[in-house]
Amino acid sequence: MRENIGPLNVFIRLICGFTLLALGTARLVRSPMGLMPLFTTIMGAMKVAEGLTRFCPMVYLMEERMGYYEEPFDYEEPFDGVEFDEMIHQ
């Protein structure tokens, strides 16, 4: 597992995560059967965990999908008309 978020992003995730976690926990005390407070608490805990580990699974998936971790592509020159004609007429 490689770090994939920067220090400013970590700080923002921790602040927002602790805020959501506190808000969700406070609302869960008032209405323990509500789905929204539970969702808020889970999202806050997830953001705190991402900030502490400096790893975000969504960023990893997007970078992997965009080919960030792949080797650079070696570009080959396209066929000349001459080479292509020679290949056809052989």
Side-chain angles (χ1 to χ4, degrees):
M1 190 165 71
R2 189 172 98 171
E3 293 179 0
N4 63 357
I5 53 177
L8 180 62
N9 202 333
V10 167
F11 180 72
I12 292 170
R13 284 174 195 263
L14 285 173
I15 296 300
C16 292
F18 280 125
T19 303
L20 287 173
L21 193 59
L23 180 67
T25 304
R27 290 204 176 169
L28 270 175
V29 170
R30 293 168 84 196
S31 61
M33 295 302 208
L35 289 178
M36 201 58 185
L38 181 63
F39 179 74
T40 305
T41 304
I42 291 171
M43 292 302 292
M46 184 178 71
K47 292 299 161 192
V48 169
E50 289 173 2
L52 291 176
T53 60
R54 296 177 186 246
F55 178 79
C56 178
M58 294 304 293
V59 171
Y60 173 77
L61 289 174
M62 291 304 293
E63 287 175 347
E64 186 178 88
R65 181 155 175 85
M66 297 303 236
Y68 182 76
Y69 293 115
E70 293 178 8
E71 295 296 322
F73 179 71
D74 291 333
Y75 179 73
E76 294 180 10
E77 292 294 322
F79 285 119
D80 294 6
V82 176
E83 289 179 4
F84 187 70
D85 289 339
E86 289 173 4
M87 286 175 49
I88 292 176
H89 294 298
Q90 286 182 356

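Hydrophobic cluster of Leu8: the remaining members, joined at side-chain heavy-atom separations below 4.5 Å, are Ile12, listed by chain and number. The hydrophobic cluster analysis finds Met33 isolated: no Ile, Leu, Val, Met, Phe, Trp or Tyr side chain comes under 4.5 Å of it, directly or through other members.
Contacts classified as salt bridge (Lys or Arg N to Asp or Glu O under 4.0 Å) and involving residues 32-41 (residues at least two apart or in different chains) are not found.
Val59 and Val10 end up in the same hydrophobic cluster when Ile, Leu, Val, Met, Phe, Trp and Tyr side chains are linked at under 4.5 Å.
Expressed to the nearest 0.5 Å, how far CE of Met58 lies from CE of Met46 amounts to 8.5 Å.
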Show me the donor-acceptor pairs, under 3.5 Å and distance only, between side chains in residues 14-29 and residues at least two apart or in other chains.
residue: Thr19; atom: OG1; partner: Ile15; partner atom: O; Å: 2.7
residue: Thr25; atom: OG1; partner: Leu21; partner atom: O; Å: 2.6

Side-chain atoms of residues 48-55: list all donor-acceptor pairs with protein atoms under 3.5 Å, sequence neighbours left out, distances to 0.1 Å.
residue: Glu50; atom: OE1; partner: Arg13; partner atom: NH1; Å: 2.4
residue: Glu50; atom: OE1; partner: Lys47; partner atom: NZ; Å: 3.1
residue: Thr53; atom: OG1; partner: Ala49; partner atom: O; Å: 2.9

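Few gaps surround CG on Leu61; more than 12 heavy atoms of other groups in view lie less than 6.0 Å from it.
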